[in-house]
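Before any comments, here is the structure.
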Amino acid sequence: MGADSRDGSPPREEGELVRQRREKLARLRDAGRDPFRITRFERTHLAAEIRDGFESLEGSEARVAGRLVAQRRHGKATFADLQDVSAKIQLLFRVDRLGEERYRGLNDLDDGDLLGAAGTVLRTRTGEITIAVSDFTLLAKALRPPPEKWHGLRDVEIRYRQRYLDLIANEESRRIFTVRSKVIRSLRRFFDERGFLEVETPMMQPVPGGALARPFITHHNALDIDLYLRIAPELYLKRLIVGGFERVYEIGSVFRNEGISTRHNPEYTLLEAYQAYADYRDMMELVENMVAQAASDALGSVQLAWEGHEIDLSPPWRRARMFELIEDAAGVAADQLETAEQAREVCKRLELPAEENLALSTMLNNIFEGLVQPSLIQPTFVTDYPTAISPLAKARADEPKMAERFEPFIAGIELGNAFSELNDPEEQRRRLAEQAQSRAAGDLEAHPMDEDYIRALEYGMPPTGGLGLGIDRVVMLFTGAASIRDVILFPHMRPPAGG
RNA sequence: GAGCCGUUAGCUCAGAUGGCAGAGCACCGGACUUUUAAUCCGGGUGUCCUGGGUUCGAAUCCCAGACGGCUCACCA
């Protein structure tokens, strides 16, 4: 890999291609035509507007601007493709229309340059909608050549580190981030239409609560206190429910100091929503309607093609109790999974870890993650998680060991987490005290005690349903992206070598 | 954190057995007034990721390191 193509360090020796482009720029400046002195360009149409409105635009004048992405020179006529935010459009330069001198100005242009052009809308004899250029202006010189036009930019490291190049070169990448934006817009509209208030709560928190995860630690100098980047906004949003905002939601980054994988980025986008006087069943209806709406808005369909499967997002989604799914997968009845010894035998048979020191809950979880989860292709709400691992969720009245909680799965991916919120302050205190004990015993992901949160509950929180949804994963599902990094514009990377 | 794989021209990629560093696109020069991966003729523009080592000789073999990808582990 030559020069500075993949790291962030200053360029070393410049290549021939860059040198040539600098010389062209210098010539333009010497001629008093420095493109970087231009401040604006009056554009009348986007490329897509000309394409879509061709019938009424044919023969009229248009002014377009964008990036020059291809040139086809034929002596006294030249075709070029101009890419703007909406689409590509072909330009036709003819010496008899531009004059010798302006036509020679094409020699100053390179692929990658930003160009403004004015001309007449027409269709060539091969049917291509084209602007026959009467005047053009270089609006910015690209001193570095763009990636190759046919193969695009494949190198994933450069695609992530220099996302602008990925976006220039790869239509699919532009599509993914457009879908992402549409999904988020759809979610906002969905909640706004249902009377939810969008709020912003602290990203830096003195107590990192609302989830079970390791936080990033930072320091506030003036206050001389450590703060934690939030792992979830949950406890603040529920304080707002106490305050009387009966429906609130927040879409924003959360930060978890954990491993990176195709499904995990240390910084990711979480949607959380809380609705007073509702429970986890209401949250299920909310989720299935919301995701179906988002797919419809962003993709125009509630059917998704996913690795050979047709996924149908239309409500209602399947509901299934976690233990029933485990029983089915393990091929045994519930009473055969009540002790660690029984579970160990089952795990052995299923070729899952079965060491002597494994706890019952760990083995059940392994069965779920190993056998059940990959099979949950069609949308499924998995319900009834153990209360012991759900410290903020209300326990089932008829079965206190189980929480009123569910996680939505699609395409084998866990998309979120939701429950009937625990609003009994005394019970909440007991649960967090237990967690704090585990924490003291070394479990860095146990939930910390939060006295102010409990105090808030003591003022009275209505019964409330709450929801968290991983937006990045939804976008992965919608776009078929294989890695979460493909749906995050600037994913975290190790600093480049020599940078 | 572990295992496996990768890193060669601006980009996409070839380079068995160690023996002058290659192709396509891009670029430069020339021809060409309706092409659209334009075509035709001519031209190779390079820290072969980095640092050691083996060797007469290393892109190639060995060691160490950097960065990336995948799988696993932790997690959403």
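Order of the sequence lines fixes the chain letters, A, B, ..., with proteins taken first and strands second; residue numbering starts at 1 for each chain.
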Side-chain donor/acceptor contact of A:Gln90 with base of B:rU35 under 3.5 Å: yes

Touch class at under 4.0 angstrom, heavy-atom based, for A:Lys24 against every strand present: sugar-phosphate

Pair assignment for B:rG1, Watson-Crick or G-U wobble, requiring both distances under 3.5 Å: B:rC72

Quiz item: A:Arg72 side-chain donor-acceptor pair to B:rU35 base, under 3.5 Å: yes

Touch class at under 4.0 angstrom, heavy-atom based, for A:Arg123 against every strand present: nothing

Side-chain N or O of A:Lys149 closer than 4.0 Å to phosphate OP1/OP2 of B:rA38: yes

Short side-chain donor-acceptor distance under 3.5 Å, A:Tyr274 and A:Lys238: no

Integer angstrom distance from the P of B:rA14 to that of B:rC61: 16 Å

A:Arg144 vs B:rC11: side-chain N/O to OP1/OP2 distance below 4.0 Å: no

Whole angstrom value for the distance that separates P of B:rC32 from CZ of A:Phe93: 20 Å

Residue matched to B:rA64 through Watson-Crick or wobble contacts both under 3.5 angstrom: B:rU50

Rounded C1' spacing from B:rU7 to B:rC20 in Å: 24 Å

Sugar-phosphate, base or nothing in reach of A:Asn265, heavy atoms under 4.0 Å: base

Closest to the A:Ser261 side chain, choosing from B:rG10, B:rC70, B:rA73: B:rA73

Beyond-backbone contact of A:Arg230 with A:Leu270, side-chain heavy atoms, under 4.5 angstrom: no

Complement of B:rA26, any strand, by Watson-Crick or G-U distances under 3.5 angstrom: B:rU45

Sugar-phosphate only, base, or nothing, as touched by A:Glu128 at under 4.0 Å among non-hydrogen atoms: base

Distance below 4.0 Å between A:Arg161 side-chain N/O and B:rC67 OP1 or OP2: no

Sugar-phosphate, base or nothing in reach of A:Gly259, heavy atoms under 4.0 Å: base

Sugar-phosphate only, base, or nothing, as touched by A:Asp96 at under 4.0 Å among non-hydrogen atoms: base

Distance, C1' atom - from B:rC67 to B:rU50, rounded to whole angstrom: 11 Å

Residue-phosphate contact under 4.0 Å: A:Arg154 side-chain N/O, B:rC13 OP1/OP2: yes

Geometric class of the A:Tyr249/A:Phe191 ring pair [parallel <30°, tilted 30-60°, perpendicular >60°]: parallel

Test item: A:Asp279 side-chain N/O and A:Gly465 main-chain N/O as donor-acceptor pair under 3.5 Å: no

Sugar-phosphate, base or nothing in reach of A:Leu17, heavy atoms under 4.0 Å: base

Phosphate OP1/OP2 of B:rU35: any A:Thr78 side-chain N/O under 4.0 Å: no

Touch class at under 4.0 angstrom, heavy-atom based, for A:Gly468 against every strand present: nothing

Residue-phosphate contact under 4.0 Å: A:Arg494 side-chain N/O, B:rC67 OP1/OP2: yes

